[in-house]
Protein chains: 2
Amino acid sequence: MTIKTIGIIGGGQLGRMLAMAASRLNFRTVILEPQADSPAAQLANEQIVGAYDDRASLEKLASLSDVITYEFENVPVESARFLEGLKPVYPPSKALEVAQDRLVEKTFLNRCGIPTAGFRAVDSQADLDAALAAFGGTGVLKTRRMGYDGKGQIVFRAGDSTAGAYDKLGGVPLILESFIPFEREISIIAARAINGHIECYDAAENVHRNGILHTSTLPAEVWEGTTADARSAAIKLLDALKYVGVVGIEFFVGADSSLIANEMAPRVHNSGHWTEAACVISQFEQHIRAVAGLPLGDPARHSDCIMQNLIGDDINDVRQWASEKDVFIHLYGKTEPRPGRKMGHVTRLTGKA
Amino acid sequence: MTIKTIGIIGGGQLGRMLAMAASRLNFRTVILEPQADSPAAQLANEQIVGAYDDRASLEKLASLSDVITYEFENVPVESARFLEGLKPVYPPSKALEVAQDRLVEKTFLNRCGIPTAGFRAVDSQADLDAALAAFGGTGVLKTRRMGYDGKGQIVFRAGDSTAGAYDKLGGVPLILESFIPFEREISIIAARAINGHIECYDAAENVHRNGILHTSTLPAEVWEGTTADARSAAIKLLDALKYVGVVGIEFFVGADSSLIANEMAPRVHNSGHWTEAACVISQFEQHIRAVAGLPLGDPARHSDCIMQNLIGDDINDVRQWASEKDVFIHLYGKTEPRPGRKMGHVTRLTGKA
């Protein structure tokens, strides 16, 4: 069938950039998002102001859309399944299930042959103490669900007390992950088409600050065998999920160049924002192409670059960024620069690739 | 003052691309355009559905905007002057006056020291015959106003009859321009900031078909002295007009590398669409930066490229274009592919610059 309108669940900056890419390919977009005048809706043709689990809103989204996608991984799985009964939904709801629970995610990655940190389910203080002992007294305690940007995590180093830790994270299902002594963090942005064709962008090297992505640098300073492993992992995961669309997968790289998958996001990803400045086809256009059944674009990179997030008050430096050469600015139309809030990003081209 | 909202007169594809560039810099946009759901309004925050000369609509535009610009050169000068009494309008209305009448335009260009074809006002059949005799029997008869994409023109070669020609163009004020035996057509896209700073993109080499731009190729195959002359002409014109924003100037290049200005457009220009694929800062962002008082961006080109317009049914080739490497696609959200209608464009990157 001919795709004319793409429904997008979520009204944040990722939806905004998807809507912009869609418009350049003549697709109309409808956003489902409870907050009016959302960053995405400002660029979309229409917004349904409604909750992500509101049946009437979901039905309206389906009636207006030829295909439906989403811009965040915490879309209720029930909503995605409901929509799948009405219209094609890409990526499939299975990808949401896997991504929403760190225990399911790591289990699934391992089943695909992709190495991860060791992990144990933690459902009590006793579980925590036992798991920590098994990992030699170090590890990272995380909520299994709804964590992002470093929220809901406790790091245990040798000798740290665990007293009260289980209760501190709210008594929800937790996971203890073994501590990975990594040298670098990289990520792969990859896309799979409806026909199974896969394209991968070059690996980005990522630096986080306060648990939030700070910079992504291309090329990553890693052995080429490491990036080949990362691509191979992406392909295994995408095929296993019969995935359609763009995925972001974060990895830790050890001193021995070994690669450990950290997490996957079933959507366009912050560490792929550089693609809009350094590639002909951005991750946003690539995702739109995938879900709309167009051929995937060439992910080749014409330039080296560094993407930097503008967080909170960083937005006040825009005039300075605008005065610098080779810097591509992208702001998200958010009015309040709250601390920790992603307000925009800049990508500096640093030379020919 | 702080610019938050930019008003744009005109709802076509140029307004659409301006709105998209504005959003990336956190500016809101309001479009004034009589046609609802216009290409520009689909990407803008708001559209005022109203005529370009409707006082109430113009007042509303001024009340919602901190600065006002336009995307086509046939904005009524009276409207621009009216708005200038309410809010800053860039480019200045003087640029519209000059661009809207070929006689005024060529006179102004010559006064700036920029060579043009010879020209004579033609207000009767007798004027036409006298002017043609003065130009050795060859020349191009054009309407002084409202001509674009080759409409409203008659070419006279040696021996052609002029019978009925004056009446054929509607009895409106005409101009006869001497025939320029050019080898190539090039254009310059340049921008002037409020503080007088000027930046020029590299010259594009243009090929027209049926009077409509077909391709723009970078780099233009011309002597570097010729491109220097083109830049120099742009600077003279922009300074003379105390211009703010992006201008497009088309030139003919003779076999002896001489440069003759053909016409200027006081707006972003079709022959500058390549900048969004081959530069960090596109002509659209450059225009927004200029009118909003941000520093102008670096117009350096990272890649060679060819931009090709998709006219009418060319839009049906989009899937084929999408399957080619290094091709950046930009479509305009127009539903009916009428003959001669600009539906989109593609830019192929052809190598490192």
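Just so it is clear, the model here is predicted, and its values are computed rather than measured. Chain letters run A, B, ... following the sequence lines, proteins first, then strands; residues in each count from 1.
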Any residue of residues 19-26 of chain B which, by heavy atoms, sits under 4.5 Å from chain A: B:Met20, B:Ser23, B:Arg24, B:Leu25, B:Asn26
Just wondering, are more than 12 heavy atoms of other shown residues or ligands nearer than 6.0 Å to NZ in B:Lys325? no
Rounded distance [0.5 Å steps], CZ in B:Phe328 versus OG in A:Ser282: 8.0 Å
Any donor and acceptor pair, going by atom type alone, linking the side chain of B:Arg28 with main-chain N or O of A:Gln42 inside 3.5 Å? no
Using heavy atoms and a sub-4.5 Å threshold, report which of residues 294-302 of chain A line up against chain B, by residue number. A:Leu294, A:Pro295, A:Leu296, A:Asp298, A:His302
Heavy-atom pairs under 4.5 Å with chain B - which of A:Val327, A:Thr29, A:Ile281 has more of them than the others? A:Val327
Considering only heavy atoms and a distance below 4.5 Å, find which of B:Glu285, B:Arg16, B:Glu324 pairs most often with chain A. B:Arg16
Which atoms of A:Ile329 are under 4.5 Å from chain B, going by heavy atoms: the side chain, the backbone, both sets, or neither? both
Which bit of B:Leu43 is near chain A, if near means a heavy-atom gap under 4.5 Å: side chain, backbone, both or neither? both
Any residue meeting side chain to side chain donor-acceptor pair (under 3.5 Å) with A:Glu71, in chain and number order, not counting sequence neighbours: none
Which of residues 332-339 of chain A have a heavy atom under 4.5 Å from any heavy atom of chain B? A:Tyr332, A:Gly333, A:Lys334
